[in-house]
Chemist: 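Mind having a look at this structure? Questions to follow.
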Amino acid sequence: MVSGYDHHQIEQKWQRFWEKNSSFKAIEDNSKPKYYILDMFPYPSGQGLHVGHPLGYTATDVVSRYKRMKGFNVLHPMGWDAFGLPAEQYALQTGTHPAITTAENIDNFRRQIKTIGLSYDWDREINTTDPKYYKWTQWIFLQLFNKDLAYEAEVPVNWCPELGTVLANEEVVDGKSERGDHPVYRVPMRQWMLKITEYSESLLEGLDELDWPEGVKELQRNWIGRSEGAEVIFQLPSIDESITVFTTRPDTLFGATYMVLAPEHPLVGRLTVPNNKKQVKKYVEKALRKSDLARTELEKEKTGVFLGSYAINPANEEHIPIWISDYVLMTYGTGAIMAVPGEDQRDWDFAKKYDLPIVRTVQPPDKFDGEAYSDDGPSVNSDFLNGLKIVDAKEKIIDWLEKNKRGCSAIQYKLRDWLFSRQRYWGEPFPVIHFDGDVEAVAETDLPVELPEIEDYKPSKSGDPPLSNAGGWLTVDIDGKSGIRETNTMPQWAGSCWYFLRFVDPHNDDEPWNKDIESYWMPVDLYIGGQEHAVLHLLYARFWHHVLYDLGHVSTKEPFKKLVNQGMILGEDGAKMSKSRGNVINPDVIIDKYGADSLRLFYMFLGPLEKAKPWSTSGIQGSNRFIRRVWSMLTDENGDLSKKISDIEADNDLTRLIHQTIKKVTDDIEALRFNTAISQLMILVNEIKERDKYPKTAVELLVLLMSPFTPHVCEELWEKLGYDDTLINCNWPEYSEKLAKEELITIAVQINGKRRAEIEVAPGIDEESALALALEHENVKKYVDENEIKKTVLVKDRLLSIVV
RNA sequence: GCCGCGGUGGUGGAACUGGUAGACACGCUAGCCUUAGGAGCUAGUCUUCUCACGGAGGUGCGAGUUCGAGUCUCGCCCGCGGCACCA
């Protein structure tokens with residue numbers, strides 16, 4: 001071996017050094033600008049760290065180390081999102097308490113993360129399952145509860161018998177559980193709900209100011225699903241009531257030829273005429289029994305039943321039949337629609353099947369050969385709206401509705417309230433007590449309500465949570481009244497909704513965080529994590545934060561200023577890593593073989609952070625080779641500083657390259673373009689190696705610039721270069737614009753758009769002189785020849801274009 | 001169906017606001033060194049014609065704008081992710 005690079009020895013040495021010196025301890029310091037940089041904290045699973053994890057962690061670490069050298073006071077913490085189903089399921093199988101499993105998994109995760117050499121402030125480590133932590137999760141719940149943002153309701157929930165729990169809408173995918181892929185059914189159950197819908201507008205507006213990927217913002221916008229339209233009141237002569245419908249197309253009101261209610265609509269019974277009772281009852285029961293799976297998979301063709309009664313279209317006073325169908329959802333709008341088959345494909349399908357009248361109210365173009373026509377055009381068959389375009393017709397009909405008290409403009413959201421309870425053991429207990437139908441908050445001084453030890457973690461078939469087995473814990477006497485604790489627990493999202501706030505003041509036992517400290521660190525300046533949290537975690541956390549802001553507990557409305565999603569690491573075959581494919585890479589093995597610095601460098605060099613990229617064994621070997629090249633450049637066979645390093649000054653070419661490199665690496669780290677920063681460092685190494693003697697200043701700059709990426713080997717080399725102080729305390733180098741400039745540059749000469757020659761010129765050369773120089777070039781002469789030069793274009797220091 | 005992102009050598013990827021396409025690396029080929037190497041070093045490597053000099057073509061496909069298009073406009077094709085009866 002030419003190189004004596006021993007990554008085991010070097011990495012252990014420096015990891016111990018950082019730990020011993022608490023090198024990354026963050027202390028509030030108003031004299032310095034702060035930078036709060038956060039990873040999405042992991043769920044410590046039994047499988048250990050996945051190779052995907054270190055990608056994001058390394059990215060934040062590079063930025064953290066860079067920002068420290070830039071003079072920022074950096075907060076870079078790590079913790080554990082440790083409540084969750086796997087530990088509980090393991091407990092069901094083995095009887096091992098989830099706390100034990102969780103603690104073991106955390107120890108393993110921490111050990112693995114530490115071997116990567118990440119610059120976390122470990123004194124701030126938090127764990128969502130620690131009573132000292134969830135005390136404050138419960139405290140925040142009480143803030144919501146006291147503000148009437150938490151309530152109990154009997155709601156149709158997504159009940160999953162296999163998991164023995166209810167799931168949030170967001171956890172159900174195609175009628176199956178997101179975890180485990182088990183069937184999910186709609187059943188009514190008493191549940192805790194959080195009124196996130198009250199914050200729809202706030203959450204939507206807040207997005208505009210965020211430096212987040214456009215795609216993620218768009219996902220959230222779609223999830224919130226704001227639509228503008230109108231509410232229209234339809235009178236029901238048979239029962240002397242009215243039904244309000246929501247529509248985004250009030251302009252088509254004259255084309256509303258029938259009405260459809262959701263099967264669950266409360267007026268269905270009263271609107272059903274005796275002759276239709278049997279059929280209607282059958283249809284309603286069938287619809288209620290259907291799981292979401294059945295609704296999405298089997299509902300290719302629309303079904304429905306006529307109730308036998310009529311509603312009055314307020315625009316033209318026509319009696320229109322009322323139907324029920326499960327294509328109308330009780331959970332959106334008012335659970336009733338006006339059907340306009342001429343302009344809505346769903347209504348068209350239904351009308352065709354049941355032979356209901358179709359009236360077009362927008363004139364389609366001549367060549368239109370589709371069914372429902374939903375694009376713009378002049379209104380027809382619409383009385384006073386005739387001839388108007390959609391926008392104007394909408395405005396006019398809304399005016400008319402409001403004047404005649406038959407409706408008004410309205411806004412609807414797709415977002416529903418957040419189902420916040422789970423029938424599980426391993427979660428935060430709700431800090432409330434039931435007294436004879438009344439619900440009371442547990443006094444703040446009695447927090448936390450700790451999870452009791454229980455024998456049986458199994459939920460009952462009816463959905464009674466495991467905590468109903470918790471004997472003595474269950475009943476409480478307060479002031480002579482006896483009550484029963486809530487036996488549901490909070491969902492896993494609860495702990496992650498605010499952990500970034502606890503990081504700013506993690507050991508505070510008197511309050512969730514100190515306000516001054518909070519306003520020093522918040523908001524999170526850079527948040528990096530997986531795209532899979534684009535809606536769930538990030539929307540929930542924003543919701544809590546908006547509430548806390550309104551209550552004056554936090555100083556910023558939005559918690560995460562800049563968000564970046566790291567791309568997935570795929571298997572070497574380009575497919576998603578999975579045990580069944582056998583393409584899983586274990587980070588422990590890689591670090592043992594090549595070292596943490598190689599792994600870090602590989603991740604950062606692989607490609608743009610946000611992109612999905614396949615793992616590459618030869619790629620990591622390449623990174624390892626680069627580190628060894630640098631190592632052997634600076635050291636001799638005895639491990640001493642190489643004799644080729646000397647105090648000579650760098651020549652002009654090298655000086656220029658050094659300054660260009662400082663500039664590029666700095667700019668690239670700021671923009672999170674790590675791969676191109678590294679490629680520039682490689683160019684610098686290649687250039688230095690061409691010299692017989694390596695100027696010490698050049699080598700030192702290289703080590704400084706590389707240190708955020710490969711900190712261990714850089715610390716070691718820095719020490720060999722004769723410095724006592726660690727790189728962490730060094731200043732990031734500054735570049736000189738002047739020295740980075742080329743003395744002579746090569747510009748291209750194009751003739752009629754084709755590159756024909758290159759000429760060497762002084763920077764900033766003017767068009768005339770450039771042309772003169774170009775015309776001396778043989779190849780240019782050849783192409784210009786006798787032709788007349790019609791036009792020339794000079795792009796400064798780039799290219800000269802000649803048109804002949 | 002709708003929304004978002006993407007398509008550049010054998011591979012990962014470069015290319016600033018329209019300005020020399022393929023930086024840097026991997027892989028491969030040849031050579032050197034070596035008892036040997038899967039270690040290291042040197043050279044080459046988009047395709048194609050040419051001994052070379054130098055041409056021609058080339059960024060998913062087809063048009064367009066421009067002195068000049070990977071980059072901008074329009075129309076398609078393909079891949080990935082999300083939403084999916086939301087009225």
Side-chain angles (χ1 to χ4, degrees), chain A residues 1-3 173-174 213-219 221-223 225-227 229 245-249 252 256 260 262 295-296 299-300 302 325-329 331-340 343-347 349-350 412-416 531-532 534-535 565 567-568 574 576 602 605-608 610-623 625-626 628-629 632 664 667 671 673 675-683 685-686 689 746-758 778-779 782 790-804:
Chain A
M1 282 283 266
V2 178
S3 96
V173 178
D174 288 336
E214 212 34 64
V216 175
K217 292 209 258 185
E218 208 46 40
L219 277 175
R221 285 191 191 107
N222 291 340
W223 194 266
R226 182 186 205 269
S227 36
V245 304
F246 174 75
T247 176
T248 52
R249 292 291 304 275
T252 63
V260 188
R295 278 207 185 189
T296 48
E299 287 318 291
K300 294 258 166 18
K302 300 209 182 332
S325 170
D326 61 8
Y327 85 91
V328 174
L329 310 172
T331 43
Y332 181 75
T334 60
I337 63 157
M338 62 181 220
V340 187
E343 273 80 39
D344 185 297
Q345 189 60 41
R346 294 157 302 177
D347 297 342
D349 294 340
F350 193 80
Q412 276 289 331
Y413 300 91
K414 280 203 286 187
L415 188 68
R416 324 254 164 94
Q531 165 106 54
E532 67 274 17
V535 182
N565 294 126
M568 214 188 315
K576 212 167 162 170
F602 166 70
F605 185 57
L606 194 55
E610 301 87 339
K611 258 191 88 171
K613 299 152 290 234
W615 178 266
S616 156
T617 302
S618 48
I620 185 129
Q621 284 165 353
S623 299
R625 186 179 308 158
F626 175 69
R628 291 201 321 264
R629 268 163 65 87
S632 66
K664 178 139 184 71
D667 293 349
R673 288 188 304 246
N675 54 334
T676 48
I678 293 168
S679 109
Q680 182 68 30
L681 289 167
M682 287 172 167
I683 293 170
V685 170
N686 292 344
K689 281 199 82 163
T746 311
I747 70 169
V749 181
Q750 283 185 353
I751 295 159
N752 286 348
K754 294 259 177 221
R755 180 166 60 97
R756 293 301 177 190
E758 288 171 1
E778 209 163 302
N779 220 23
K782 192 170 113 196
K790 285 191 187 141
K791 185 180 174 183
T792 56
V793 180
L794 178 83
V795 182
K796 191 166 174 285
D797 295 352
R798 280 269 167 188
L799 134 169
L800 176 71
S801 183
I802 304 171
V803 188
V804 298

Chemist: Using atom P of each nucleotide, how far apart are B:C41 and B:C24 to the nearest Å?
Modeler: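 After rounding to an integer number of Å, I get 16 Å for this pair.
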
Chemist: Tell me whether the side-chain N or O atoms of A:Ser801 pair up with the base of B:C67 as donor and acceptor below 3.5 Å, since no angle test is needed here.
Modeler: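 Present.
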
Chemist: Under the 3.5 Å rule, do the base of B:G19 and the side chain of A:Gln750 count as making a donor-acceptor pair?
Modeler: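 Such a pair is found, so the answer is yes.
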
Chemist: Looking across every strand, which nucleic acid part, if any, lies under 4.0 Å from A:Asn779 by heavy atom: base, sugar-phosphate, or nothing?
Modeler: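 Sugar-phosphate only.
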
Chemist: Would you tabulate the nitrogen or oxygen pairs shorter than 3.5 Å linking the protein to nucleotides 23-25 of chain B?
Modeler:
residue : atom : partner  : partner atom : Å
B:A25   : OP1  : A:Asn686 : ND2          : 3.1

Chemist: Sequence neighbours left out, cut at 3.5 Å: what donor-acceptor pairs do the side chains of residues 615-622 of chain A make with other protein atoms?
Modeler:
residue  : atom : partner  : partner atom : Å
A:Ser616 : OG   : A:Ser618 : OG           : 3.4
A:Ser616 : OG   : A:Gly619 : N            : 2.8
A:Thr617 : OG1  : A:Glu572 : OE1          : 2.9
A:Thr617 : OG1  : A:Glu572 : OE2          : 3.4
A:Gln621 : NE2  : A:Tyr594 : OH           : 3.3

Chemist: Can you check whether A:Lys791 has a side-chain N or O nearer than 4.0 Å to OP1 or OP2 of B:C67?
Modeler: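 It does, given that an N or O in the side chain of A:Lys791 lies less than 4.0 Å from OP1 or OP2 of B:C67.
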
Chemist: Would you kindly compare A:Gly215 and A:Thr248 by the position of their nearest RNA chain B nucleotide and give the one closer to the 5′ end?
Modeler: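 Mapping each residue to its closest nucleotide by heavy atoms, the 5'-most match is A:Gly215.
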
Chemist: Considering just the side-chain nitrogens and oxygens of A:Lys754, establish if one lies under 4.0 Å of OP1 or OP2 belonging to B:G57.
Modeler: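 Indeed, a polar side-chain atom of A:Lys754 lies that close.
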
Chemist: Both A:Gln531 and A:Gly335 contact RNA chain B. Which one's nearest nucleotide lies toward the 5' end?
Modeler: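 Closer to the 5' end of RNA chain B: A:Gln531.
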
Chemist: Between the side-chain atoms of A:Lys790 and the base atoms of B:C67, is any donor-acceptor pair under 3.5 Å?
Modeler: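 Checked by distance alone, the answer is no.
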
Chemist: Using the C1' atom as the point on both nucleotides, what is the distance between B:G64 and B:U45, in whole Å?
Modeler: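 Roughly 36 Å separates the two C1' atoms.
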
Chemist: Minimum heavy-atom separation for A:Arg755 to A:Ala748, with atom names?
Modeler: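 Distance-wise, the nearest heavy atoms are CD-CB, 4.0 Å.
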
